[in-house]
There are 2 protein chains.
Amino acid sequence: MQSSKDIGNGLIDGWIVQLRKGALEYCLMLALRRGESYGYEIIQALSEIRDLSVGESTVYPILARLKAEGFLKARLGRSGTGPMRRYFSLTEKGRIRLAMMDAYWPMLSDSIETLKKAAVRAVPGKGRCDNGKD
Amino acid sequence: MQSSKDIGNGLIDGWIVQLRKGALEYCLMLALRRGESYGYEIIQALSEIRDLSVGESTVYPILARLKAEGFLKARLGRSGTGPMRRYFSLTEKGRIRLAMMDAYWPMLSDSIETLKKAAVRAVPGKGRCDNGKD
DNA sequence: CCTTGCTACTTTGCATTGCGTACTACCTAT
DNA sequence: ATAGGTAGTACGCAATGCAAAGTAGCAAGG
């Protein structure tokens with residue numbers, strides 16, 4: 001049990017990857033909401049949360065992209081135990097974006113809940129317009 | 001206001017696209033949970049739910065793939081108003097998968113909630129290991 | 001007859017993204 | 001110098017959402 005994503009079998013394996021695509025970007029920004037942090041620490045922090053374990057090659061590109069887009073800013077700092085760390089923190093633009101994400105995420109959840117309850121207006125009876133023809 | 005996805009500005013525009021990856025697949029299977037339906041109807045049903053509006057070129061490929069993977073089965077039927085309809089419905093395999101998705105989705109939501117509350121173990125004080133150097 | 005418009009579905013092509021693998025660079029300890 | 005953990009980069013692949021355009025059947029209007 002290393003990759004916490006094998007819930008059932010491999011049936012939804014690929015789906016989870018796709019589902020997390022945009023969610024991870026949100027998670028990284030959430031991880032920086034309280035204050036600055038660096039890649040390695042974020043990776044470890046996320047790995048402690050169920051289903052959010054990620055690798056370096058997932059986190060660093062996202063951090064780099066968010067920085068390039070102006071949502072994060074970076075600062076170098078000594079680590080004492082290894083190479084220089086790159087501390088990331090949210091910019092104001094990033095905080096605005098995070099606020100929008102915070103607003104959008106529950107909307108999506110809500111829409112899905114709505115979908116769960118509301119049937120696609122398909123007739124509840126049974127087939128109505130084919131083999132019965134006429 | 002046609003594309004319900006412009007919440008703020010174009011700031012999270014691309015993010016939403018990524019976030020919906022995988023989620024749409026879930027939505028389509030949810031739409032078929034009650035019974036069979038066809039692409040066009042699903043599109044219209046989803047378009048009535050906030051933030052779930054999709055186009056044909058999004059839905060049909062997903063339906064085709066789900067069918068190819070054995071999660072859906074299809075059946076042709078006359079429509080009376082246009083060309084033949086392809087009615088999709090969940091297979092048993094699809095229902096199992098949908099159940100796993102139903103289990104996974106709240107887990108992801110929950111993990112994100114956890115992340116919102118739990119800070120990345122960064123020190124709450126302030127910087128601790130850089131410019132102060134030694 | 002021809003055109004417009006609605007329904008229903010398909011195809012092509014593109015841009016984005018997560019992530020596995022491999023690699024480099026830095027620091028400390030022995 | 002060598003070994004080991006830390007921090008980050010680079011390359012490449014496979015999926016996916018989605019816009020745009022095309023096809024095909026049916027109905028109403030000129």
Side-chain angles (χ1 to χ4, degrees), chain A residues 2-5 12-28 37-47 51-69 72 74-88 108 129-130, chain B residues 2-3 5 12-28 37-47 51-69 74-88 108 129-130 133-134:
Chain A
Q2 42 192 359
S3 58
S4 60
K5 61 179 61 168
I12 56 172
D13 205 38
W15 175 66
I16 293 177
V17 171
Q18 298 304 320
L19 186 62
R20 293 164 93 194
K21 287 226 168 180
L24 282 180
E25 190 174 311
Y26 182 36
C27 288
L28 290 201
S37 183
Y38 53 97
Y40 200 82
E41 189 182 46
I42 293 175
I43 291 167
Q44 292 183 330
L46 291 186
S47 71
D51 310 312
L52 290 184
S53 55
V54 287
E56 297 88 345
S57 55
T58 298
V59 168
Y60 290 119
I62 296 176
L63 288 174
R65 202 182 63 245
L66 289 175
K67 175 169 175 289
E69 298 186 270
L72 300 182
R75 174 179 71 83
L76 285 176
R78 302 211 141 275
S79 72
T81 67
M84 299 285 279
R85 286 174 183 160
R86 183 161 295 169
Y87 288 88
F88 291 92
L108 184 62
C129 52
D130 58 315
Chain B
Q2 42 191 354
S3 60
K5 61 178 62 169
I12 55 172
D13 205 39
W15 174 66
I16 293 178
V17 171
Q18 298 304 321
L19 185 63
R20 293 164 104 198
K21 291 210 176 190
L24 283 180
E25 191 174 312
Y26 182 36
C27 288
L28 290 201
S37 183
Y38 53 98
Y40 200 81
E41 189 181 46
I42 293 175
I43 291 166
Q44 292 184 328
L46 292 186
S47 72
D51 310 312
L52 290 184
S53 55
V54 287
E56 296 89 342
S57 56
T58 298
V59 168
Y60 289 118
I62 296 176
L63 287 174
R65 203 183 61 247
L66 290 175
K67 176 169 174 288
E69 298 186 270
R75 174 179 71 81
L76 284 177
R78 300 212 140 274
S79 72
T81 67
M84 300 286 278
R85 286 174 183 161
R86 182 161 294 169
Y87 288 88
F88 291 92
L108 184 61
C129 55
D130 57 314
K133 206 203 164 233
D134 71 292

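Labels below follow one simple rule: chain letters A, B, ... track the order of the sequence lines, proteins then strands, and each chain is numbered from 1. Given the structure is predicted, the values throughout are model-derived calculations rather than measurements. The basis for the numbers below is simple: all heavy atoms, side chains too, and nothing from hydrogens, waters or symmetry mates.
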A.B. asks: If you define the side chain from C-beta out and look only at heavy atoms, does anything of I42(B) sit under 4.5 Å from L46(B)?
C.D. replies: yes
A.B. asks: On DNA chain D, does the nearest nucleotide to A23(B) precede the nearest nucleotide to G39(A) from the 5' side, or the other way round? Give the residue.
C.D. replies: G39(A)
A.B. asks: May I ask you to verify if any side-chain N or O of S57(A) is less than 4.0 angstrom from the OP1 or OP2 atom of dC19(C)?
C.D. replies: no
A.B. asks: Whole-Å distance between dG8(D) C1' and L76(A) CG?
C.D. replies: 11 Å
A.B. asks: Please answer whether the main-chain N or O of L108(B) pairs with a side-chain N or O of R20(A) as donor and acceptor at a distance below 3.5 Å.
C.D. replies: no
A.B. asks: Just the rounded figure in Å: distance from P of dT11(C) to OH of Y60(B).
C.D. replies: 12 Å
A.B. asks: Would you mind reading off the distance between E56(A) atom CD and dC11(D) atom P, rounded to a whole angstrom?
C.D. replies: 18 Å
A.B. asks: Please encode protein proximity along nucleotides 24-30 of chain C as a string of B, S and -, counting only heavy-atom distances under 4.0 Å.
C.D. replies: -BBSS--
A.B. asks: Are side-chain heavy atoms of K21(B) and L19(A) found at a separation under 4.5 Å?
C.D. replies: no
A.B. asks: Which one, dC9(C), dA15(D), dC19(C), comes nearest to the side chain of V17(A)?
C.D. replies: dC19(C)
A.B. asks: Report yes if some heavy atom in the side chain of I43(A) is under 4.5 Å from a heavy atom in the side chain of Y60(A); otherwise report no.
C.D. replies: yes
A.B. asks: Choose from dA7(D), dG18(C), dG17(D) the nucleotide whose nearest atom is closest to any side-chain atom of I62(B).
C.D. replies: dG17(D)
A.B. asks: Any heavy-atom pair between the side chains of M84(A) and R78(A) that's under 4.5 Å?
C.D. replies: yes
A.B. asks: What is the distance from CD of E25(B) to C1' of dA15(D), rounded to the nearest Å?
C.D. replies: 10 Å
A.B. asks: Measuring from the side chain of R65(A) (C-beta onward, heavy atoms only), which nucleotide among dA20(D), dG18(C), dA15(D) has the closest atom?
C.D. replies: dG18(C)
A.B. asks: Over how many whole Å does the gap from I43(B) atom CD1 to dT10(C) atom C1' extend?
C.D. replies: 12 Å
A.B. asks: Between dA8(C), dT9(D), dG18(C), which nucleotide has the shortest distance from any of its atoms to the side chain of Y40(B)?
C.D. replies: dA8(C)
A.B. asks: The side chain of R85(A) lies closest to which of these nucleotides: dA19(D), dT17(C), dA7(D)?
C.D. replies: dA7(D)
A.B. asks: Can you tell me the distance, in whole Å, between the CD1 atom of I16(A) and the P atom of dA14(D)?
C.D. replies: 21 Å
A.B. asks: Using 4.0 Å as the upper bound for N to carboxylate O, is an ion pair formed by E41(A) and R85(A)?
C.D. replies: no
A.B. asks: Taking CG from L66(B) and P from dA15(D), how many angstroms apart are they, rounded to a whole number?
C.D. replies: 14 Å
A.B. asks: May I have the distance from R20(A) (atom CZ) to dA15(D) (atom P), rounded to whole angstrom?
C.D. replies: 17 Å
A.B. asks: Mind checking G22(B) for me? I need base, sugar-phosphate or nothing, with any heavy atom below 4.0 Å counting as a touch.
C.D. replies: sugar-phosphate
A.B. asks: Check L52(A) against C27(A) and note the closest heavy-atom contact, atom names and distance.
C.D. replies: CD2-SG, 3.9 Å
